[in-house]
Amino acid sequence: MGVMDQVELPKPVKYVFNWGRKYSLWCFNFGLACCAIEFIAASTSRHDFIRHGVIPFAHGPRQADLLVVSGTLTDKMAPAVKRLYEEMPEPKYVISFGSCANCGGPYWDSYSVTKGVDQIIPVDVYVPGCPPRPEALLDGIIALQDMIQKESLKERIAGRRLDPITLGADEPLPSDSSPALPSGGRAP
Amino acid sequence: MSDLSTRERVHPGSAPGEDFHLEIVGDGDFQTADMKLSIGPAHPATHGVFRIVLEMDGERVTGARPVIGYMHRGFEKLAEHRDYRQIKALVNRHDWLSGFSNELGVALAVERMMEMEVPDRAQWIRMLLAEWNRILNHLMFIGSYAIELGAITPMFYAFREREDIQHLLESATGGRLHFTYNQVGGLKIDLPKGFLRQSTELSALIRKRVPDYHDLVLGNDIFQARTVGVGPLPPEVALSLGVTGPTLHATGVPEDSRVTEPYLKYGEIDVDVPVGENGDSFDRFYCLLARISASLDIIDQIHDHLPAGPVNTKLPKMVKAPEGATYLRTENPLGQLGYWLESDGGRTPWRLKMRTPSFSNVQAIPYLLEGVLVPDAIAVLGSVFFVVGDIDR
Ligand code: SF4
């Protein structure tokens, strides 16, 4: 990123810069289980998250800004997820899609399932549901875009992140760009 | 190390219409090194976290070894810790494209152990939804197989249909993927008002759209060039490996437990099982597509038969299967699904063993991949329809 990780941009430049970043998220889908089907449904014609500026055709983690982990993470799979995450260039974002990726979901007492992807990589937005509806993913994307708009790139590259967002928690989404969905919310 | 001049192994039909011919350069001292190529667990061509290790001699695959277990979630063990009502919320997730058919199998097994009479209406509705679920599943594979061969458009068509069907099923069950609509002894609730009308309309609509897939995918020259004669599976091999479902039907064997061992009310209606001839990738795909029309026929028959009446039976406070064991098989979208349910009379099963169709179908992959070229390996891999969660459980 060159100078970006050393200087704090002036406010108007930062605004424009972040605005550009949030609407061109190249997304790498880590489709693990059932939730991946709902992810695909969200990317096809009826829900179509490309209109929110998320492009699901990243050729691999090295070309991606956003990692969507959708589905059950098992202990055998965990090293691969960690490695792919580390291959992504900064600044990178992670959406944990579905109960399994959040906390283990229906397999909370299984011997082979990792209880949440946040045990191995940092997560920015949690989308709950088993499986979450495609609309929930759209909501999660919008919440993430709000977060990107607010943050400072310098801090982000230095590894300081804003608090993760959990959809459906507490107060409604305070955003002008988000649709009025009853489930929107933000963690304290 | 392998010596080119001594290589005799030629896979029949690896190029359409003719055997592969390799011209030998040099006098036989020319040596090539075998290479191992690991595809997966995160690779777009293996849809899901399936991993396969190919041994290659140049472009040609000389051996293939599937490595499974990346999606092992311990269903069989977890089922021993869930009571009979909770199990169905667990089992509809192992093959996530056929949630309804999975939970149906468990419900039927428990009912058989408890010697329970299920109301007629519930049985017909179960069939109706199971057939819709079958179409949902097949549409997904039609879209994803086309993507693996390089065509993105069919996916959008397939999901247009899938969204319509999911909308219909959601109106009855409340779920888009995992329905949890079956109960021991019947169904959760009756169908909502207007469901049958919608279902009839949708079946007519999809029937009208099926020819699009024939034109768009099956009739496509590129699709045919990539699949005709690629990865033929002889019926004897398929049967000895335990392959079932469309992959078996493509070899010409019409084994389908809806016909050979009818459960629910399948004995009272006509069930058509489309079969192929050569068992190659093209035939496998053809069977999948033809099964959509066959399922639509069944759905239309069910609409005419659906009786009135209750949809569930009164259950005791604690559902307990009596001591004993049973094996129940149903025809899942991808093949034969069997549940071996053993109970010691307690609240939870003592053992629930699953015989999942995908697990048996992938046994054919090492056979199919031997001798094919790498681009064909992708065409073969995609045409042995499997769901990774169904392999690993
Ligand atoms: S959260 Fe539910 S739907 Fe998603 S992967 Fe886990 S079990 Fe499947």
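Naming convention: chains lettered A, B, ... in sequence-line order (proteins, then strands); numbering from 1 in each chain.
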So what's closer than 4.5 Å to chain B heavy atoms on Ile40(A): side chain, backbone, both or neither?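 Both parts, heavy atoms under 4.5 Å.
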Below 4.5 Å from any heavy atom of chain B, which atoms of Ala36(A) appear? Answer side chain, backbone, both or neither.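 Neither part, no heavy atoms under 4.5 Å.
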Kindly give the heavy-atom pair with the smallest separation between Cys34(A) and Leu177(B), and that separation in Å.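 Cys34(A) and Leu177(B) have their closest heavy atoms at O-CD2, 3.5 Å.
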Donor-acceptor table for chain B and chain A, threshold 3.5 Å:
from: Ile68(B); atom 1: O; to: Lys76(A); atom 2: NZ; distance (Å): 3.0
from: Tyr70(B); atom 1: O; to: Thr74(A); atom 2: OG1; distance (Å): 2.6
from: His72(B); atom 1: O; to: Ser112(A); atom 2: OG; distance (Å): 2.7
from: His72(B); atom 1: NE2; to: Tyr111(A); atom 2: OH; distance (Å): 2.8
from: Arg73(B); atom 1: O; to: Ser110(A); atom 2: OG; distance (Å): 2.8
from: Arg73(B); atom 1: NH1; to: Thr72(A); atom 2: OG1; distance (Å): 2.7
from: Arg73(B); atom 1: NH1; to: Tyr107(A); atom 2: OH; distance (Å): 3.2
from: Arg82(B); atom 1: NH1; to: Asp109(A); atom 2: OD1; distance (Å): 3.4
from: Arg82(B); atom 1: NH1; to: Asp109(A); atom 2: OD2; distance (Å): 2.9
from: Arg82(B); atom 1: NH2; to: Pro106(A); atom 2: O; distance (Å): 2.8
from: Arg82(B); atom 1: NH2; to: Asp109(A); atom 2: OD1; distance (Å): 3.1
from: Arg93(B); atom 1: NH2; to: Cys130(A); atom 2: O; distance (Å): 3.4
from: Asp164(B); atom 1: OD1; to: Arg46(A); atom 2: NH2; distance (Å): 2.9
from: Glu170(B); atom 1: OE2; to: Arg133(A); atom 2: NH1; distance (Å): 2.5
from: Arg176(B); atom 1: NE; to: Glu38(A); atom 2: OE2; distance (Å): 2.7
from: Arg176(B); atom 1: NH2; to: Glu38(A); atom 2: OE1; distance (Å): 3.2

Under a 4.5 Å heavy-atom cutoff, which of Ala33(A), Gly31(A), Pro106(A), Ala80(A) has the most pairs with chain B?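 Most heavy-atom pairs within the cutoff with chain B belong to Ala33(A).
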List for me each residue that meets side-chain hydrogen bond (donor to acceptor under 3.5 Å, both in side chains) alongside Arg65(B), sequence neighbours excluded, and say none if there are none.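 Expected list: none.
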Report, as yes or no, whether the 6.0 Å neighbourhood of atom CD1 on Ile222(B) holds more than 12 heavy atoms from other residues, nucleotides or ligands.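 No, CD1 of Ile222(B) has 12 or fewer neighbouring heavy atoms, counting only those of other groups under 6.0 Å.
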